[in-house]
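Worksheet: one structure, shown below.
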2 protein chains.
Amino acid sequence: MVKRARTLASLAAELGVSRTTVSNAYNQPDQLSAALREKILAAAAARGYPGPDPMARSMRTRRVGAIGVLLTEHLSYAFEDVASVDFLAGMAEATYGTDSAVTLIPAGPDARDDASTLVGRAVVDGFVVYSVASGDAHLAAAQARHLPVVLCDQPSDTDLPFVGIDDRAAIRPAARALLEAGHRRIGILSIRLTRLRRDGFVPAADVDGADLHVQRGRVLGALDEFTAAGIDPGQVPIVTRHINDQPSCVDAARELLTTHPDLTAVLCTTDSMAFGVLDYAAATGRTVPADLSVTGFDGVRYALHRGLSTVIQPNKAKGAAAGRMLQELIDARVTDTEPSLDVPRRILRTTYHAGSTVAPPRN
Amino acid sequence: MVKRARTLASLAAELGVSRTTVSNAYNQPDQLSAALREKILAAAAARGYPGPDPMARSMRTRRVGAIGVLLTEHLSYAFEDVASVDFLAGMAEATYGTDSAVTLIPAGPDARDDASTLVGRAVVDGFVVYSVASGDAHLAAAQARHLPVVLCDQPSDTDLPFVGIDDRAAIRPAARALLEAGHRRIGILSIRLTRLRRDGFVPAADVDGADLHVQRGRVLGALDEFTAAGIDPGQVPIVTRHINDQPSCVDAARELLTTHPDLTAVLCTTDSMAFGVLDYAAATGRTVPADLSVTGFDGVRYALHRGLSTVIQPNKAKGAAAGRMLQELIDARVTDTEPSLDVPRRILRTTYHAGSTVAPPRN
DNA sequence: CTGTTAGCGCCTTCAG
DNA sequence: CTGAAGGCGCTAACAG
């Protein structure tokens with residue numbers, strides 16, 4: 001059993017070379033002879049020296065080799081949600097080949113004073129902040145770190161680098177499909193528009209001030225289209241739910257359709273909501289689309305499988321774009337003396353999937 | 001605009017207190033007066049000091065606040081595979097409330113010399129190694145780091161902390177169900193048993209030496225049960241495929257059933273394989289289970305949905321157990337002078353789901 | 001409750 | 001191609 005070298009310095013001492021030389025053996029192979037390098041690496045292996053300590057290295061180089069993703073929801077929810085799993089897959093893809101890993105940072109809604117400790121303490125080179133409300137404390141904490149930050153989806157009104165879709169424009173084809181089929185009495189179902197819980201009807205006038213920009217954009221986009229078709233947006237019933245599990249969505253459909261039995265169509269801002277409508281319709285004996293037209297948003301696999309008329313957004317591509325953008329910002333920071341002044345902003349395309357849940361109204 | 005304090009020391013200097021005091025304001029609130037603490041925190045906020053630098057802190061405390069997960073496959077595959085997504089969800093759950101994040105470390109099969117750099121450079125407190133072949137280079141690299149390592153699923157024959165199921169025992173109820181229904185001519189379909197690609201028939205005698213312990217265990221468990229029922233394991237046809245996508249699985253079913261048309265049942269070591277059999281049976285006009293009985297393994301959602309007779313394993317619980325076990329090892333390392341000598345080993349329970357794809361053979 | 005003293009292990013000049 | 005020196009920013013231990 002050979003003595004154990006636990007640091008670069010001790011290994012250097014044992015071999016009778018300088019620390020630099022050992023360091024170079026790992027990091028700058030062209031700075032020493034191949035023979036010496038081999039000898040050093042072999043000696044290291046023999047003594048169980050695992051190579052330069054990553055922490056010390058990071059401290060010195062100011063580079064970690066990890067990018068953080070802030071997922072606001074309880075982290076294990078993120079793995080149950082198809083969209084965020086796809087997003088993570090995209091980020092993983094973006095880092096493939098890079099010398100960076102992805103660090104998942106749970107940033108739950110628990111408003112402990114130190115809710116931001118995880119992001120404050122995370123050992124990463126930058127953050128991707130995935131879909132949080134404007135004014136989110138974790139986002140603020142990430143910015144406070146003075147590291148590159150890329151925002152994904154929301155908030156959409158900051159000066160930070162951004163990757164997302166144009167929700168307001170993206171939903172219009174769905175609204176248009178309903179209008180073109182001849183619908184005039186259309187209700188809207190949306191997931192929460194604000195961080196604060198508020199289930200039930202929301203006046204159209206309140207939508208503008210909502211702090212969850214994604215849902216706000218979708219509702220506004222639909223209203224834009226309705227308005228353009230001569231429908232008074234103030235007369236469009238809008239129902240929201242804070243949680244988007246199946247029972248909530250069905251209940252939202254019930255609330256909307258029992259209070260407004262004259263509706264011939266429901267536009268939903270998420271596929272989950274649309275499923276709620278489909279389920280409620282089935283439970284109450286209505287046929288879709290003969291008795292009721294429905295549109296969704298997101299284009300999750302199950303929606304396409306079920307033939308839902310919906311808007312497909314590229315979740316994986318978003319993840320990849322966000323990952324790459326952050327990586328570029330990190331690299332630029334090392335290279336440039338002065339960071340470039342234009343903030344990257346990438347808007348990805350969406351597509352409307354016609355599906356089979358829109359048809360002309362019965363009467 | 002106030003001067004910017006970029007380090008703890010500079011902030012301390014500007015405030016005329018010692019660095020310790022500032023450090024304590026962040027880390028040991030009970031070591032100074034609330035008033036002073038407030039004053040320090042306020043001054044920090046005013047100057048944009050983001051708090052103690054995480055890298056320097058980690059370097060000093062030898063603690064990062066992140067645990068690494070090694071997923072051998074190309075990382076974005078991991079997000080397409082239900083089992084590994086559930087596993088990650090479990091890990092996320094285990095770290096919830098802990099001051100640890102999860103770092104995903106892609107450890108693709110690219111056997112570059114430095115394939116292990118990511119794991120060699122990862123700034124983490126320990127590793128969970130998820131389902132790799134025995135002798136995997138990334139596992140070796142993780143061990144070389146002298147950090148706590150927890151193995152999940154495989155390899156199962158090391159002295160490392162382990163979380164998994166007893167694959168060999170777990171599959172026996174599926175085999176037994178087929179035997180009890182009266183089947184005697186049963187084929188086996190398995191995903192790759194070795195890292196090296198080898199599609200097609202595998203002699204039962206070769207299974208023992210397979211380096212992918214999970215699949216090996218399942219095949220051996222089935223053979224155990226067959227043997228106990230008086231069937232010569234040497235006569236049981238075993239077909240493998242390296243890749244488990246749908247076409248491969250269907251093709252495996254074709255290969256098995258065309259060469260052995262007398263089989264009345266197929267035992268599969270994964271649900272994906274069983275789907276391949278179901279699809280092939282449907283395509284060739286056989287009814288399951290009337291004409292052919294089929295069992296799977298894993299218990300993915302879709303399998304249960306489809307009524308497959310299969311073994312359900314608790315993927316999320318595995319992730320949670322692995323995460324917690326690693327966390328404990330990390331904490332113990334800080335506390336204990338001498339690490340405890342018994343290596344934790346946790347075997348989780350599986351359940352056989354009867355489903356509806358097993359019935360007595362026709363003749 | 002506050003301050004002083006020592007490094008943590010490495011990489012990067014810069015000089016041979 | 002190699003070596004010596006300095007410091008990255010912080011916290012643990014101890015002493016006031």
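Note that the coordinates shown come from a computational prediction; the quantities given were computed from them, not determined experimentally.
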Measure the distance from CG on B:Leu32 to C1' on D:dG16 and round it to the nearest whole Å.
17 Å
Round to the nearest Å and state the distance from B:Leu11 atom CG to D:dC10 atom C1'.
13 Å
Using the six-membered ring wherever Trp is involved, compare the ring planes of A:Tyr49 and A:Tyr26 and label them parallel, tilted or perpendicular (cut-offs 30° and 60°).
perpendicular
Rounded distance (Å) that lies between atom P of D:dT11 and atom CE of B:Met55:
14 Å
With a strict under 4.0 Å distance from non-hydrogen atoms of chain A, what nucleotide opens and what nucleotide closes the contacted stretch of DNA chain C, reading 5' to 3'?
C:dG9 to C:dT12
Separation of A:Arg19 atom CZ from D:dG3 atom P, in whole Å?
12 Å
Mind calculating the distance between CE (A:Met59) and C1' (D:dC10) to the nearest angstrom?
6 Å
In whole angstrom, what separates A:Arg121's CZ from D:dG9's P?
18 Å
Please state whether the phosphate of D:dT11, meaning OP1 or OP2, lies under 4.0 angstrom from any side-chain nitrogen or oxygen of B:Thr61.
no
Go through A:Thr21 and A:Ser18 one step at a time and tell me if the side-chain hydrogen bond (donor to acceptor under 3.5 Å, both in side chains) criterion holds.
CA-CA 5 Å; A:Thr21 304; A:Ser18 81; 3.2 Å; yes
A:Arg6 near the nucleic acid: base, sugar-phosphate alone, or nothing, with a heavy-atom cut-off under 4.0 Å?
nothing
Side-chain ion pair, B:Asp99 and A:Arg121, N-O less than 4.0 Å:
no
Starting at the 5' end of DNA chain C and moving along, which residue's nearest nucleotide shows up first, A:Arg57 or B:Asn24?
B:Asn24
Using only modelled atom types and a 3.5 angstrom limit, is any donor from either the side chain of B:Arg62 or the base of D:dA12 paired with an acceptor on the other?
no
Closest to the B:Arg60 side chain: D:dT11, D:dC1, D:dG3?
D:dT11
May I ask you to say what B:Tyr26 touches in the nucleic acid, namely base, sugar-phosphate or nothing, with a heavy-atom cut-off under 4.0 Å?
nothing
Please check if the side chain of B:Arg195 supplies one atom and the backbone of B:Ser134 the other of a donor-acceptor pair under 3.5 Å.
yes
Which is true for B:Ser58 with a 4.0 Å heavy-atom rule: it touches a base, it touches only sugar-phosphate, or it touches nothing?
nothing
Nearest whole Å is fine: how far is D:dC1 C1' from A:Asp30 CG?
11 Å
Inter-residue atom distance B:Leu70.CG - B:Leu118.CG, 0.5 Å rounding
9.0 Å
Could you state the CD-P distance from B:Gln31 to D:dT11, rounded to the nearest angstrom?
14 Å
Using a strict 4.0 Å threshold on nitrogen-to-oxygen distance, state whether B:Arg62 and A:Asp53 make a salt bridge.
yes
Would you indicate what A:Thr20 reaches in the nucleic acid, counting non-hydrogen atoms under 4.0 angstrom: base, sugar-phosphate, or nothing?
base
Any chance you could measure A:Met59, atom CE, to B:Met59, atom CE, to the nearest 0.5 Å?
6.5 Å
